[in-house]
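Data first, discussion second: the structure below is written as structure tokens.
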Amino acid sequence: MEYIFFNDSSLAKGVNIPKSQVGFKKMCQICGAAETLFDEKGFYETSIADICSLAGTAVGTFYIYFSDKTSIYTYLVRNYYVVIKNHLNKYISGCKTRYEMEREGLKAFIRFGHSHPQCYKIIWGCSYINPALFEDYYIRFAKSYSSALKKFGNELADINYSTMAWFLMGVANFIGLKIILDHKRLTEKDLNSLVDDVMRLFKDGLFR
């Protein structure tokens, strides 16, 4: 997983982002270990000592970068937001229409979730570990998505853009989850077939 420097300290409360590349590399080691253990054992069953042991570092080093276990969890969720948005933008940047953007964006999101299945468990775990963070994560995504859709209003149905954004996010989340729960290798052929089905529903509707 890629980890991000946050310029806005409000996005990483309790996190001390190091200035040097050496320090940031050490912080990334700790984040990678935490991500693995939160996925495998869950937040409450993972200790800071466990994280440091897997990262191969001293417990004292952890506290150079993070104030507590919640702060590293918060950082991971904030990091997902930035990394996923950057990942999607890379794939939709060359698209000319909103339809193309939705198709390529959905494919990109499914690929990301398939490669990083732990993101589902960690992000959704926020709903009970830090409900405010969970709400903020999805509200931020929805607002950004809604603003993007509004720019292509002439291509879209006359439906509230916020409703549309939440709907599309829901489809992407659960279609991505389907791929993970299928426990199969994701081929490009299967991915295109699945996304074509979804796009046909978007374009033609569900009911006869």
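Just so we're clear, the structure is a prediction, and the values are computed from it rather than from any experiment.
A 6.0 Å sphere centred on CG of Asn154 holds more than 12 heavy atoms belonging to other residues, nucleotides or ligands. For Glu45, the CD atom counts as loosely surrounded, since its 6.0 Å shell holds 12 or fewer non-hydrogen atoms of other residues, nucleotides or ligands.
For the atom pair Met27 CE and Phe62 CZ, the distance stands at 10.0 Å (nearest 0.5 Å). Taken from CD in Glu2 to CD1 in Ile84, the straight-line distance is 11.5 Å, to the nearest 0.5 Å. Here the OH atom belonging to Tyr161 is positioned 13.5 Å from the OH atom belonging to Tyr145, to the nearest 0.5 angstrom. Distance check, rounded to the nearest 0.5 Å: CD of Glu104 to OH of Tyr99 gives 10.5 Å. Annotation: the span from Arg98 atom CZ to Met101 atom CE amounts to 5.5 Å, rounded to 0.5 Å. Separating the OH atom in Tyr81 from the CD1 atom in Ile123 is a distance of 12.0 Å, to the nearest 0.5 Å.
Within the 4.5 Å cutoff, the side chain of Glu35 has no heavy atoms near those of the Asp39 side chain. Counting only heavy atoms from C-beta outward, the side chains of Val83 and Phe112 approach each other to under 4.5 Å. You'll find the side chain of Tyr73 reaches within 4.5 Å of the side chain of Cys126, heavy atoms only. Residues Val198 and Glu102 are not in side-chain contact: their nearest non-hydrogen atoms beyond the backbone lie 4.5 Å or more apart. Residues Leu88 and Phe109 are in side-chain contact: their nearest non-hydrogen atoms beyond the backbone lie under 4.5 Å apart. Side-chain contact between Ile110 and Ile175: present, with at least one pair of heavy atoms (C-beta onward) separated by less than 4.5 Å.
Paired with Val195 under the rule side-chain contact (heavy atoms from CB on, under 4.5 Å), one option of Asp197, Asn192, Leu191 passes, and it is Leu191.
Using a 4.0 Å cut-off between charged side-chain N and carboxylate O, Asp136 and Arg78 make a salt bridge. A salt bridge links Asp50 with Lys41; the closest basic N to acidic carboxylate O contact falls under 4.0 Å. A salt bridge links Lys107 to Glu188: at least one charged side-chain nitrogen sits closer than 4.0 Å to a carboxylate oxygen.
For the residue pair Thr61 / Lys26, no side-chain donor-acceptor distance below 3.5 Å is found, with atom types taken as modelled.
Under a 3.5 Å cut-off, the side chain of Tyr120 and the backbone N or O of Asn173 do form a donor-acceptor pair.
By the 6.0 Å and 45° rule, Lys69 stacks over the aromatic ring of Phe43.
Within the hydrophobic cluster formed by Ile, Leu, Val, Met, Phe, Trp and Tyr side chains joined at under 4.5 Å, directly or through other members, Val22 stands alone, with no partner residue.
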